[in-house]
Asker: 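One structure is given below, represented as structure tokens, and several questions about it will come after.
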Amino acid sequence: MSPGDAIIVFTPDSTHHPISLYAIERGIHVLVTKPATKLLSHHNELIAAARKHNVVCFVEHHKRFDPVYSDAKARAQALGEFNFFNAWMSQPKSQLETFRAWAGKDSDISYYLSSHHIDICCWILQDKAVPTRVVASAATGIATGEPYNCVPQTEDTITLLVDWQSIESSRHKGTAVYTASWTAPLKAGVHSAQHWYYMGTKGDINVDQAHRGYDITVDETGKTWYNPFYMKYSPSESGHFDGQRGYGYISIEKFVDAAREVNAGVAKPSDYDGHGYPTIANTVLTTAILNAGRISLDEKRAVGIKKSGAEWIL
């Protein structure tokens, strides 16, 4: 590959940092799946490297391109100071069979699923509030038992409780609760149950991504809720791929467009930090919260988040 080329990194969580850094240092644009990195220090390294080598580095937080989430983000700006956020995301227990090779070893359910809604919350609160403290708790017992037999340290459900401080008002402090689980019922009708609630001083927002008024019932399998807004898997009238309008596809398309614009000299990588895109710089607090949550679980303590100079640290 040559400088100006682009890659997409969809590999195990612990490999995101070395692969992305290797590419960035060679002038290659990078789209890395979430979580960008497991460690905040590694995320900071990618920010610095992308700036040094003048390349685009996005994190594949596709929910930013969901029209409902995007609209909710815009409307939240008129709801005053932040007060409370609660997010739930789960997948059925069968996922433990799919992920047994790395579950509890290479990563956890919080990195895998909560990264989605932590990023949405950070995006909504960008320039409004900052996270200051994280406390984590976990439920166990299902993943490590029959028939899944994951390694002993595998959690079933992880909850992160995060304190947020308003940037404009010292009086206003908010609380966020992010919960993720891969031990949900097997026949819940959705691949991922996911919803969140946001409350400001002037109003609130409820979003249920899993149930959007579109369900299909089949004798053999029962009722299933589908989300073609993410990716339309049914073919076009001509029998070809027809998912280009889904936000899962648009997330990749936006990265490719950005890389092309930088290569053509019509934009700088830093321009996208101000466009609300999930750039490596714009997603640093998502990694900070996830990393702090893992430390809190492992060391059974609260973990602070603060800014030191230009960098966020734990």
Side-chain angles (χ1 to χ4, degrees), residues 34 59 61-90 110 113-137 157-181 190 192-215 225 227-230 246-248 250-251 254 273-279 282-290 292-293 305 307 312:
K34 53 76 191 169
V59 184
H61 283 299
H62 53 256
K63 293 189 186 300
R64 290 198 185 201
F65 302 100
D66 180 334
V68 173
Y69 282 34
S70 179
D71 188 71
K73 190 266 186 187
R75 294 180 185 277
Q77 306 312 302
L79 298 183
E81 291 286 350
F82 169 64
N83 190 266
F84 180 69
F85 186 95
N86 182 43
W88 165 263
M89 193 166 183
S90 68
S110 189
L113 282 186
S114 274
S115 51
H116 283 295
H117 287 132
I118 291 174
D119 177 69
I120 292 300
C121 185
C122 290
W123 184 37
I124 292 173
L125 296 179
Q126 188 170 349
D127 300 324
K128 290 173 64 72
V130 294
T132 59
R133 190 180 78 124
V134 180
V135 177
S137 181
T157 305
I158 295 176
T159 297
L160 307 185
L161 174 66
V162 182
D163 295 337
W164 287 79
Q165 174 62 56
S166 168
I167 293 173
E168 297 293 332
S169 170
S170 60
R171 289 191 304 113
H172 286 94
K173 296 177 173 62
T175 302
V177 183
Y178 314 106
T179 301
S181 177
V190 293
S192 298
Q194 44 192 308
H195 54 262
W196 56 269
Y197 172 79
Y198 176 96
M199 183 169 67
T201 56
K202 297 180 180 179
D204 63 5
I205 300 171
N206 267 298
V207 176
D208 182 351
Q209 189 190 44
H211 306 94
R212 296 194 169 184
Y214 176 43
D215 59 78
W225 284 265
N227 181 16
F229 306 104
Y230 167 64
Y247 57 85
I250 291 172
S251 175
K254 293 292 187 182
D273 294 336
H275 294 172
Y277 288 168
T279 64
N282 278 348
T283 55
V284 64
L285 289 178
T286 300
T287 297
I289 291 170
L290 289 166
I305 300 174
K307 201 166 190 179
W312 287 95

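Count residues from 1 along the sequence. Only a predicted model underlies this, so the values are computations on that prediction, with no experimental measurement involved.
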Asker: Check N282 against R64 and note the closest heavy-atom contact, atom names and distance.
Answerer: O-NH2, 3.7 Å
Asker: Of all heavy-atom pairs between T279 and V59, which one has the smallest distance, and what is that distance?
Answerer: O-CG2, 4.5 Å
Asker: For Q209, which of H195, K63, H116, H117 qualifies under side chain to side chain donor-acceptor pair (under 3.5 Å)?
Answerer: K63
Asker: Taking the side chain as C-beta and beyond, is there a heavy-atom pair between I124 and Q126 under 4.5 Å?
Answerer: no
Asker: If you round to the nearest 0.5 Å, how far is CD1 of I167 from CZ of F82?
Answerer: 12.5 Å
Asker: Is it true that a side-chain atom of Q165 and a backbone atom of H172 form a donor plus acceptor pair closer than 3.5 Å?
Answerer: yes
Asker: At what distance, to the nearest 0.5 angstrom, does CE of M89 lie from OG of S115?
Answerer: 8.0 Å
Asker: In Å and rounded to the nearest 0.5 Å, what is the OG1 to CG distance from T179 to N86?
Answerer: 6.5 Å
Asker: Provide the closest heavy-atom pair for S181 versus T157 in the form atom of the first, atom of the second, distance.
Answerer: OG-OG1, 2.8 Å
Asker: Measure the shortest side-chain to side-chain distance between T175 and W164 over non-hydrogen atoms and say whether it is less than 4.5 angstrom.
Answerer: no
Asker: If you look at every heavy atom in I205 and V207, which pair is closest and at what distance?
Answerer: CG2-CG2, 3.9 Å
Asker: Less than 4.5 Å apart, side chain to side chain, heavy atoms only: is that true for L290 and S110?
Answerer: yes
Asker: Find the distance between CD1 (I250) and CZ (F65) and round it off to the nearest 0.5 Å.
Answerer: 8.5 Å
Asker: Locate the shortest heavy-atom distance separating P131 from V162; write the atom from each residue and the value.
Answerer: CB-CG1, 3.9 Å
Asker: So do K128 and E81 actually touch side chain to side chain, heavy atoms under 4.5 Å?
Answerer: no
Asker: Give the intermediate values and the outcome of side chain to side chain contact (heavy atoms under 4.5 Å, CB included) for residues S70 and Y247.
Answerer: CA-CA 11 Å; S70 179; Y247 57 85; over 6 Å; no
Asker: Would a 4.5 Å heavy-atom cut-off, applied to side chains only, mark T132 and I305 as touching?
Answerer: no
Asker: Below 30° counts as parallel, above 60° as perpendicular, anything between as tilted: where do the rings of Y69 and W196 land?
Answerer: perpendicular
Asker: First locate atom NZ of K173, then atom CG of N83, and finally report the distance between them rounded to the nearest 0.5 Å.
Answerer: 12.0 Å
Asker: So do the side chains of S114 and I158 get within less than 4.5 Å of each other, counting heavy atoms only?
Answerer: no
Asker: For a side chain to side chain contact (heavy atoms under 4.5 Å, CB included) check, start with the C-alpha distance between D273 and H275, then their side-chain angles and the critical distance, and finish with the verdict.
Answerer: CA-CA 6 Å; D273 294 336; H275 294 172; over 6 Å; no
Asker: Please lay out, stage by stage, how I118 and L160 fare under the test side chain to side chain contact (heavy atoms under 4.5 Å, CB included).
Answerer: CA-CA 10 Å; I118 291 174; L160 307 185; 3.9 Å; yes
Asker: Between D204 and Y198, is there a side-chain donor-acceptor contact under 3.5 Å, judged purely by atom types and distance?
Answerer: no
Asker: Do the charged groups of D119 and K34 touch, with an N to O distance under 4.0 Å?
Answerer: no
Asker: Any donor-acceptor pair under 3.5 Å linking the side chain of S166 with the backbone of E168?
Answerer: yes
Asker: Going through the checks in order, is the side chain to side chain contact (heavy atoms under 4.5 Å, CB included) test met by V177 and F84?
Answerer: CA-CA 8 Å; V177 183; F84 180 69; 4.1 Å; yes
Asker: For F85 and Y178, take the angle between the two ring planes, folded into 0 to 90°, and tell me which bin it lands in: parallel under 30, tilted 30 to 60, perpendicular over 60.
Answerer: tilted
Asker: For I289 versus V134, what's the shortest heavy-atom pair and its separation?
Answerer: O-CG1, 4.2 Å
Asker: With rounding to the nearest 0.5 angstrom, report the CD1 to CG distance, I120 to D66.
Answerer: 8.0 Å
